[in-house]
Amino acid sequence: MTTTPPSRGRRRAPTRMKRVAGKAAALQKPRVILALLLLLALTSVMLLDGYLRAEVGGDQRVRSGASSSDVPDDILDGGPILTFRGGRAGTVSVPDKTIALTFDDGPNPTWTPQVLEILEEYDVPATFFVVGSMVSRYPDIVKDLVDQGNEVGIHTFTHVDLSYQSDARVTREMTQTQLALAGAAGITTTLFRAPYSSETDAIDNYSWPVYQELGEDGYTSVFIDTDSDDWKRPGVSKIVKWATPAEDQGASVLFHDAGGERSQTIKALPRYIEKMRAKGYTFTTISGVMQEQGPAAAPGGSGLQAAHREATGAPLYEGKALVAAVAVAEWTVPALSVGLMVVGVAVLGRFGMMLLLARRHYRQRNRRRFSWGPPVTAPVSVIVPAYNEKECIANTLESLARSTHPIEIIVVDDGSTDGTSEIARAVADSLGMRNVRVVRQENAGKPAALNNGVRSASHDIVVMMDGDTVFEPDTVRQLVQPFADPEVGAVAGNAKVGNRDTVIGAWQHIEYVMGFNLDRRMYDLLRCMPTIPGAIGAFRREAVLEVGGMSEDTLAEDTDITIAMHRAGWRVVYQEHARAWTEAPGSLRQLWSQRYRWSYGTMQALWKHRKSLTDKGPSGRFGRVGMPLVVVFQIVTPVFAPLIDVFTAYSMIFIDFGAALLAWLAVLAVQLVCAAYAFRLDREKYRYLLMMPLQQLAYRQMMYLVLIHSCITALTGGRLRWQKLKRTGEVGTPAGAG
């Protein structure tokens with residue numbers, strides 16, 4: 001065993017590393033906050049959209065048959081307009097041969113403009129009792145309605161029966177609708193019609209307090225004398241007949257411009273106007289009725305829109321903000337829905353492709369007659385980069401000592417401060433390993449350590465592994481056999497999670513077997529393997545030198561050099577029988593740190609090699625096959641995948657719990673099938689799959705957040721150095737392995 005002495009200045013490295021790490025941590029916090037804010041914004045947009053569609057906070061209850069013993073008789077027998085002048089309840093009737101034409105439930109983008117066109121043609125004003133959520137979705141229609149001279153009143157924000165609601169909900173329904181009117185048309189109104197109301201004799205003991213409270217707030221509640229019942233779609237003739245008052249009486253007449261298919265209403269309206277005019281009737285608004293009954297009944301001001309108030313100050317700007325937010329929600333949620341459908345199809349397509357290609361790969365590589373060529377028996381160099389690996393380096397060297405293939409071992413100590421090199425030397429001496437060299441260098445990062453090892457290597461094939469990884473006795477021999485094919489420049493081994501007995505370890509074990517190794521089988525057959533794992537990979541030394549060695553341009557040097565190998569024309573393959581056991585992160589904090597570096601480094605590597613998209617030959621093949629697959633399945637779909645969970649949770653809570661749960665279970669079943677097949681190919685125990693449902697509920701979401709964090713970092717700029725994870729040294733070669 002030989003040792004290269006450390007360079008000067010090594011003792012200053014830890015202080016500098018701590019300083020750099022502190023700066024990096026300070027930079028990451030705003031990005032994490034930004035990622036969480038984006039998720040919060042999306043959730044808020046979905047909740048707003050659901051509220052507008054009555055999915056969130058919707059209440060379909062409608063009260064009927066309640067007593068009216070607390071309601072004054074003169075109110076029950078009075079006219080359709082309920083006022084509270086001077087705090088005293090009173091009613092106003094519509095004068096004879098006068099029609100107060102009213103419409104409920106709008107605006108609607110299909111029917112309301114047609115109603116307005118008819119009213120304008122016949123020069124007839126009307127009063128529209130609008131639903132606030134619809135106003136916020138179609139503000140231009142409301143503005144046209146008001147500009148045309150029609151009057152508006154409030155029909156609540158979400159069309160709920162207010163007799164069931166709390167005082168706070170009643171206030172919110174009114175306030176939000178007023179804000180929507182302010183944002184849409186620059187007005188507020190003093191008119192109100194309760195959903196599911198009819199004539200005043202339908203006021204009961206539950207709704208009466210609501211009308212009283214609103215009256216104290218200055219609202220005039222409007223009922224009807226005559227109902228067209230157009231919502232029943234009984235036919236044009238019946239609509240006209242039912243909307244006609246008896247014996248030349250005046251009436252507040254109800255039609256609907258929304259809430260369903262209103263083609264019969266559109267056809268009936270011109271006939272109705274012509275009929276009533278032929279009978280000598282005039283048309284007016286609710287304010288017009290009150291003006292005719294004298295100043296005492298009028299809500300203030302004059303004209304057909306006397307109930308309107310100009311919105312100014314904070315309510316005006318809050319209303320405009322509400323309308324803008326709704327516009328964002330109206331575009332965002334449908335776009336996301338379409339995007340999720342595309343993502344869902346892509347994910348299911350990927351599962352199908354993985355299963356087919358993985359099966360083909362397994363059958364091809366495990367045929368009795370399959371061979372890479374003449375057996376590779378020449379010695380190889382095993383490079384072990386190490387930084388503060390005192391807990392693991394002994395297990396790593398002990399596993400290599402049992403190798404059935406001739407090797408030299410080069411331990412590159414990257415400025416360790418915990419005695420890693422001394423432990424490596426002691427282990428080598430105790431085991432009588434003369435094939436171990438310890439090279440010490442100033443702390444410079446993993447790529448520099450690997451390059452130092454490649455330069456120091458004596459053999460044509462170099463195997464790279466991590467200092468926290470152990471090999472089975474037959475691992476190196478299996479790993480180097482593909483080099484019998486002169487086109488092969490690099491080989492990816494089968495990395496296994498050694499510390500899988502914890503919940504976090506079991507989750508990562510499932511991910512390694514299904515997400516990594518199943519993928520590698522697919523990428524191998526497609527000849528576009530994107531990454532050789534740092535825990536176990538082998539390279540032709542000449543190929544490594546040809547592409548310039550391990551680059552420090554990215555945080556994922558393994559992905560970087562793998563893509564560089566493809567671009568240089570070398571073939572990269574997967575050797576499933578070469579197994580390595582690595583210690584996965586044992587805490588969520590360490591896991592986040594590792595995966596953040598992986599995902600961000602992958603993005604850097606893809607950007608670095610973006611020119612392969614237009615290259616010819618092997619480089620172009622990776623650019624037009626491998627790179628799109630990586631971008632779509634490792635970046636784009638995972639970034640959007642959290643939306644599936646958000647939509648699922650949203651559907652379970654607000655729409656249909658059973659259907660949403662069934663859909664989630666169906667997706668889980670597909671994933672379980674893929675995972676079970678991957679476990680079968682790797683001859684793993686199925687019992688770990690019992691952790692998969694919990695993995696889908698917790699672990700997967702964390703990985704998505706890590707990726708979103710990485711995307712934000714990539715967009716805003718940032719740089720990380722090689723991050724050292726805390727190790728325990730608990731992973732050893734499994735008994736009987738090999």
Side-chain angles (χ1 to χ4, degrees), residues 79-81 92-130 135 138 140-153 155 185 187 189 191 193 220 222-231 236-246 248-259 262-293 298-299 301-308:
I81 303 174
V92 176
S93 298
V94 180
D96 289 344
K97 286 204 170 186
T98 302
I99 296 294
L101 194 59
T102 67
F103 293 86
D104 281 6
D105 297 347
N108 177 276
T110 300
W111 310 114
T112 306
Q114 296 183 57
V115 170
L116 292 177
E117 185 177 344
I118 295 170
L119 295 178
E120 185 175 28
E121 179 183 352
Y122 286 91
D123 193 23
V124 170
T127 303
F128 289 80
F129 290 92
V130 294
V135 173
Y138 308 110
D140 293 341
I141 297 178
V142 177
K143 188 176 188 309
D144 291 342
L145 183 155
V146 173
D147 290 345
Q148 187 174 307
N150 299 291
E151 192 171 45
V152 295
H155 201 45
I187 63 164
T189 183
L191 298 182
R193 173 175 284 165
T220 296
V222 181
F223 297 84
I224 63 172
D225 293 304
T226 305
D227 192 349
S228 70
D229 278 336
D230 59 339
W231 61 274
V236 172
S237 297
K238 286 187 177 181
I239 291 175
V240 173
K241 178 181 178 181
W242 293 345
T244 303
D248 296 335
Q249 294 177 355
S252 169
V253 181
L254 174 61
F255 284 84
H256 294 82
D257 63 324
R262 297 290 175 249
S263 60
Q264 290 186 4
T265 302
I266 299 301
K267 293 178 180 179
L269 189 56
R271 290 177 54 179
Y272 177 72
I273 294 173
E274 292 173 358
K275 175 183 177 180
M276 301 313 295
R277 278 185 170 168
K279 292 170 68 69
Y281 275 80
T282 60
F283 291 87
T284 188
T285 62
I286 296 300
S287 288
V289 170
M290 299 175 73
Q291 290 287 337
E292 290 185 33
Q293 297 294 348
S302 61
L304 300 179
Q305 296 178 317
H308 293 179

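Atom CH2 of Trp242 is separated from atom CG of Asp227 by 9.5 Å, given to the nearest 0.5 angstrom. Rounded to the nearest 0.5 Å, atoms CZ (Arg271) and CD (Glu274) are 9.0 Å apart. Remark: Thr284 OG1 to Met290 CE distance equals 11.5 Å, nearest 0.5 Å. To the nearest 0.5 angstrom, Leu269 atom CG is 10.0 Å from Glu121 atom CD.
When all heavy atoms of Ser287 and Gly303 are compared, the pair lying nearest together is CB-O, 3.7 Å. Shown here for Val222 and Ser252, the closest heavy-atom pair between the two residues is CG1-OG, 4.3 Å. Closest non-hydrogen pair, Pro109 versus Ile141, comes out as CA-CD1, 3.5 Å. Taking both residues in full, the closest heavy atoms of Leu119 and Ala126 are given as CD1-CB, 3.8 Å, listed atom of the first, atom of the second, then distance. Nearest heavy-atom pair, Pro95 versus Glu292, reported as atom, atom and distance to 0.1 Å: CG-OE1, 3.5 Å. The minimum heavy-atom distance between Val142 and Ala185, with the atom names listed, is CG1-CB, 4.3 Å.
The only member of Asp230, Asp229, Asn108, Asp104 that meets side-chain hydrogen bond (donor to acceptor under 3.5 Å, both in side chains) when paired with His256 is Asp230. Exactly one of Leu191, Val135, Ile187 qualifies for a side-chain contact (heavy atoms from CB on, under 4.5 Å) with Val152. That residue is Ile187. For the side-chain contact (heavy atoms from CB on, under 4.5 Å) with Leu254, the qualifying choice from Leu101, Asp225, Ile224 is Ile224, the only one to do so.
The side-chain heavy atoms of Phe103 and Asn150, taken from C-beta on, include no pair separated by under 4.5 Å. Residues Thr189 and His308 are in side-chain contact: their nearest non-hydrogen atoms beyond the backbone lie under 4.5 Å apart. Between Ile286 and Pro80 there is no side-chain heavy-atom pair separated by less than 4.5 Å. Side-chain contact between Leu145 and Leu116: present, with at least one pair of heavy atoms (C-beta onward) separated by less than 4.5 Å.
In this structure, Thr98 contributes its side chain and Asp96 its backbone to a donor-acceptor pair below 3.5 Å. The main-chain N or O of Tyr122 is found under 3.5 Å from a side-chain atom of Arg277 such that the two form a donor-acceptor pair. Not one N or O on the side chain of Lys279 forms a donor-acceptor pair closer than 3.5 Å with the backbone of Lys97. A donor-acceptor pair is defined here as one N or O able to donate and one able to accept, closer than 3.5 Å; no such pair exists between the side chain of Glu120 and the backbone of Gln148. Side chain of Thr102 to main chain of Val253: a donor-acceptor pair is present (N/O by atom type, distance under 3.5 Å, no hydrogens or angles).
The environment of Lys238 atom NZ is sparse: at most 12 non-hydrogen atoms of other residues, nucleotides or ligands sit within 6.0 angstrom. Annotation: Asp147, atom CG; neighbour count of heavy atoms from other residues, nucleotides and ligands within 6.0 Å is above 12. Heavy-atom neighbours of Trp231 CH2 from other residues, nucleotides or ligands within 6.0 Å: at or below the threshold of 12.
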Criterion side-chain contact (heavy atoms from CB on, under 4.5 Å) on Glu151 and Leu304, from CA distance to verdict: CA-CA 7 Å; Glu151 192 171 45; Leu304 300 179; over 6 Å; no
Derivation of the side-chain contact (heavy atoms from CB on, under 4.5 Å) call for Ile273 and Ile118: CA-CA 10 Å; Ile273 294 173; Ile118 295 170; 4.2 Å; yes
side-chain contact (heavy atoms from CB on, under 4.5 Å) between Asp257 and Arg262, intermediate numbers included: CA-CA 7 Å; Asp257 63 324; Arg262 297 290 175 249; over 6 Å; no
Stepwise side-chain contact (heavy atoms from CB on, under 4.5 Å) test for Trp111 and Thr265: CA-CA 9 Å; Trp111 310 114; Thr265 302; over 6 Å; no
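Listed by first then second residue, pairs satisfying ring-ring contact (aromatic ring centres under 6.0 Å, His included) with a partner in residues 269-293 read Phe255-Tyr272, not counting sequence neighbours.
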